[in-house]
Peer 1: 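Following this message is one structure expressed as structure tokens.
The figures here come from the full heavy-atom set of this structure, side chains too, leaving out hydrogens, waters and symmetry mates. Note that ligands are numbered from 1 as they come in the structure, with each ligand's atoms numbered from 1 the same way.
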Amino acid sequence: MTGDGTRAVRAGLPAPEAYEPPLPGPVFAAHYHLPGEAAGPYTYGRDTNPTWTHLEAAIGELESPDEPAHTVAFASGMAAITAVLFSQLRTGDAVVLPADGYQLLPAVRARLESYGIEVRTAPTVGDAQLDALDGARLLWIESPSNPGLDVCDIRRLADAAHARGALVAVDNTLATPLGQRPLDLGADFSVASGTKALTGHGDVLLGYATTRDAAPADAVRLWRKTVGAIPGPMESWLAHRSLATLALRVRQQAAGALALATALTGRPEVTGLRHPGLPGDPAHALAARQMRPGRFGCVVSFVLPDRAHAERFLTALTLVDDATSFGGVRSTAERRARWGGDAVPEGFIRFSVGVEDPEDLVADVLRALDAAKE
Ligand SMILES: *Cc1c(COP(=O)(O)O)cnc(C)c1O
């Protein structure tokens with residue numbers, strides 16, 4: 001059994017061929033030579049692409065190392081999320097979403113409801129979605145949730161959903177497949193934005209859905225072809241190239257996040273500090289059971305007294321960019337309430353730890369906190 005780091009550097013690579021590159025370059029093609037019957041694997045660029053094939057194999061190996069899985073790559077995380085929801089749900093179905101999930105879920109909810117799909121929501125914390133499962137067709141889980149960093153018991157929720165005949169999908173964006181394997185925990189789909197920690201350089205938008213079952217995979221693939229939410233070959237190739245360093249990045253960023261969270265525990269102006277890797281965090285015990293050891297993600301969230309204080313803090317940072325998104329090699333932080341989409345206090349900071357040396361990053365943050373005090 002190889003380790004995750006070893007698997008990640010070779011995941012999805014074709015068999016070695018003399019004088020060919022280990023990872024073939026991106027194939028840019030709208031159509032392929034197609035004499036006679038359309039029997040080959042590549043025909044038209046909205047249906048299939050060899051660069052996707054390699055990337056999808058790679059992600060499948062990471063999400064499901066022990067059993068074959070089908071992965072469908074998309075142009076963005078939202079394209080993947082909506083592909084699973086809209087390919088699986090029909091008018092009259094009920095779906096359970098997290099109340100505290102990604103900020104576009106309310107827009108998704110409105111769209112689902114306009115198609116006559118009943119949408120129920122419940123918070124991630126305390127496995128509260130359990131109470132909404134009766135008669136549901138699909139349960140959507142986000143754990144750890146973004147940006148609140150609550151965690152739910154995926155195995156417990158999946159078992160309860162399956163007992164009621166519901167499918168289970170987990171948004172695995174924050175953890176990445178190296179931090180958590182939803183399919184091993186009983187989920188039917190692991191879905192993620194590859195824009196964040198998976199690719200990690202802040203230069204690619206991408207998404208994917210992975211499942212072990214052929215029929216839902218076919219439905220998701222048909223959805224992609226129908227709406228045309230296809231990943232670009234260049235993005236797919238960049239994403240695949242980035243996977244070779246995923247284990248390094250995940251380990252370093254998680255270690256930095258833990259160092260930062262630990263340093264923040266001593267600050268009187270910091271409240272609501274959350275990081276699943278922090279031993280005192282309310283989610284830690286559960287996260288330690290279902291996430292991979294030492295890989296609790298790169299996000300730390302906390303609250304400063306008010307909006308002005310948070311803005312002074314962000315301005316005083318020198319090693320950290322004020323930017324949205326998370327999971328990149330360069331640390332970023334933002335005052336999340338500026339978007340208006342999340343139920344968070346005005347001084348709420350979502351901090352994404354990059355691959356800087358943790359001691360430098362912690363020193364910069366503590367200095368900026370001092371500077372932000374009036
Ligand atoms: C960013 C994000 C998404 C959306 O991904 P895009 O690639 O921006 O479309 C979905 N879920 C979570 C948890 C995210 O953080």
Peer 1: Looking only at non-hydrogen atoms, find the nearest pair between Gln180 and Ser143 and report the distance.
Peer 2: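 The answer is NE2-O, 2.8 Å.
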Peer 1: Are there over 12 heavy-atom neighbours, none belonging to Arg111, within less than 6.0 Å of that residue's CZ?
Peer 2: no
Peer 1: Ignoring hydrogens, what is the shortest heavy-atom contact between Asp360 and Leu319? Give both atom names and the distance.
Peer 2: O-CD1, 3.6 Å
Peer 1: Going by the rule side-chain hydrogen bond (donor to acceptor under 3.5 Å, both in side chains), which residues pair with Tyr42 if we only count those two or more places apart in sequence or in a different chain?
Peer 2: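 Only Thr53 meet the side-chain hydrogen bond (donor to acceptor under 3.5 Å, both in side chains) criterion with Tyr42.
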Peer 1: Heavy atoms under 4.0 Å from ligand 1: which residues qualify?
Peer 2: Ser76, Gly77, Met78, Ile81, Tyr102, Glu142, Asn146, Asp171, Thr173, Ser193, Thr195, Lys196, Leu206, Phe326
Peer 1: Output a table of donor-acceptor pairs, distance under 3.5 Å, between side-chain atoms of residues 21-41 and any protein atom two or more places apart or on a different chain; print 'none' if there are none.
Peer 2:
none

Peer 1: Can you name the salt bridge (Lys or Arg N to Asp or Glu O under 4.0 Å) partners of Arg307, sequence neighbours left out?
Peer 2: Glu311
